[in-house]
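Counting starts at 1 for both ligands and their atoms, in listed order.
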Amino acid sequence: MKIGVLALQGAFREHIQMIRACGTDAVEVRLPVHCDDIDGLVIPGGESTTISKLIVEYDMLDAIGACASSGKPIFGTCAGAILLADRMDGKKQAFLNLIDIDVTRNAYGRQIQSRESDVTLAFSPATPFHAVFIRAPIITAVGPAVTKLSSYNNTVILARQDNILVSTFHPELTGDTRIHQYFLTMAGEGSC
Ligand code: GLN
């Protein structure tokens, strides 16, 4: 099994390290042809406007859509979650629209209001997960098909709809591989 990590901008190297730490092959994805032999895709955090422009420029929009519709799991963290969301500030985005959530960007405020907090994962509740938020979005609404997997301050911060997983924080920046393991189980591997 091989997981692709969209490597146009942002924290892609950290995701590759985490997936490899879970014992699974991980490769950088920049072009549609790179999607042919991957079993799942991570869209990392970074700057969502920049990544969205690069996705269009590198002709990756349809390739990501095709990945999703063929059932391959896609994991978007922070900016990646924004790019997968159906709506932003109540308005439908003209983009991937792969998960029925509404997001507001930079909703915790300025960089200085970025934060870290111990949160509970629904699939691994015994040990807290240290969540790192960096200029994070807030998920302001979730549709009925979305499963809430973790919350912070009464908002959902980790959510799944079918083969799409999103987090508003950065699980690749801790040494804790549980969320990546969970994603790998969605791709048919892993031991979570
Ligand atoms: N603030 C960024 C955005 O709106 C997301 C930040 C991140 O991915 N850590 O795109």
Side-chain angles (χ1 to χ4, degrees), residues 3-19 26 28-30 40-58 60-61 64-65 67-68 73-119 121 129-142 146 149-153 155-161 164-180 182-183:
I3 299 295
V5 180
L6 190 68
L8 300 174
Q9 192 263 337
F12 56 88
R13 290 178 193 86
E14 291 81 356
H15 277 291
I16 287 179
Q17 278 165 14
M18 283 297 262
I19 294 159
E28 295 181 3
V29 165
R30 290 193 183 82
L41 179 71
V42 176
I43 305 181
E47 211 287 319
S48 54
T49 309
T50 306
I51 299 177
S52 70
K53 286 182 180 155
L54 292 171
I55 284 175
V56 172
E57 203 166 306
Y58 281 74
M60 282 298 296
L61 197 60
I64 296 171
C67 246
I74 302 189
F75 180 20
T77 56
C78 204
I82 294 168
L83 298 171
L84 292 169
D86 185 62
R87 296 174 300 289
M88 185 188 294
D89 299 325
K91 280 202 226 111
K92 196 166 181 79
Q93 302 202 84
F95 210 59
L96 290 164
N97 310 99
L98 287 173
I99 183 165
D100 189 9
I101 59 172
D102 195 331
V103 293
T104 296
R105 289 177 67 190
N106 302 324
Y108 296 100
R110 296 157 62 90
Q111 180 70 35
I112 198 159
Q113 274 125 8
S114 290
R115 59 196 69 205
E116 301 185 13
S117 180
D118 283 344
V119 301
L121 305 178
F129 190 93
H130 193 69
V132 178
F133 298 89
I134 304 172
R135 300 271 289 152
I138 283 182
I139 298 174
T140 54
V142 299
V146 175
L149 295 171
S150 189
S151 301
Y152 167 72
N153 272 357
T155 59
V156 182
I157 57 169
L158 179 66
R160 174 179 179 179
Q161 181 178 350
I164 309 297
L165 180 69
V166 293
S167 72
T168 61
F169 55 99
H170 285 265
E172 78 284 7
L173 297 183
T174 63
D176 192 332
T177 57
R178 280 179 289 163
I179 296 175
H180 287 80
Y182 178 84
F183 177 65

Compute the centroid of each ring, for F133 and then for Y152, and state whether the two points are separated by less than 6.0 Å. yes
Examine T77 against ligand 1 and note whether any of their N/O atoms are separated by less than 3.5 Å. no
Could you list the atoms of ligand 1 found under 4.0 angstrom from a heavy atom of [X]?
| X | value |
| --- | --- |
| S48 | 3 (C), 4 (O), 10 (O) |
| I82 | 3 (C), 4 (O), 10 (O) |
| I134 | 6 (C), 7 (C), 9 (N) |
| E47 | 10 (O) |
| G45 | 8 (O) |
| H170 | 7 (C), 8 (O), 9 (N) |
| R135 | 1 (N), 2 (C), 5 (C), 6 (C) |

Residue, atom name and distance, where the atom is the protein heavy atom closest to [atom]:
| atom | value |
| --- | --- |
| atom 7 (C) of ligand 1 | C78 SG, 2.8 Å |
| atom 5 (C) of ligand 1 | G46 O, 3.4 Å |
| atom 1 (N) of ligand 1 | N106 OD1, 2.6 Å |
| atom 4 (O) of ligand 1 | R105 NE, 2.7 Å |

Validation row: P171, Y182 side chains within 4.5 angstrom (heavy atoms): no
Applying side-chain contact (heavy atoms from CB on, under 4.5 Å) between T155 and each of I138, T168, T140, report the one that passes. I138
Which of these, I64, V166, T77, sits in a side-chain contact (heavy atoms from CB on, under 4.5 Å) with I43? I64
Is any side-chain N of the basic residue among E47 and R105 closer than 4.0 Å to the acidic one's carboxylate O? yes
For R87, is there an ion pair with D100 - N to carboxylate O distance below 4.0 angstrom? yes
Once salt bridge (Lys or Arg N to Asp or Glu O under 4.0 Å) is applied, do any residues pair with K92, and if so which ones, sequence neighbours excluded? D86
Residue set satisfying salt bridge (Lys or Arg N to Asp or Glu O under 4.0 Å) with R30, at least two apart, ordered chain then number -> E28
For ligand 1, the portion of T49 having any non-hydrogen atom under 4.0 Å away: neither
Hey, could you give me the CG/NE2 distance between L6 and H15, rounded to the nearest 0.5 Å? 10.5 Å
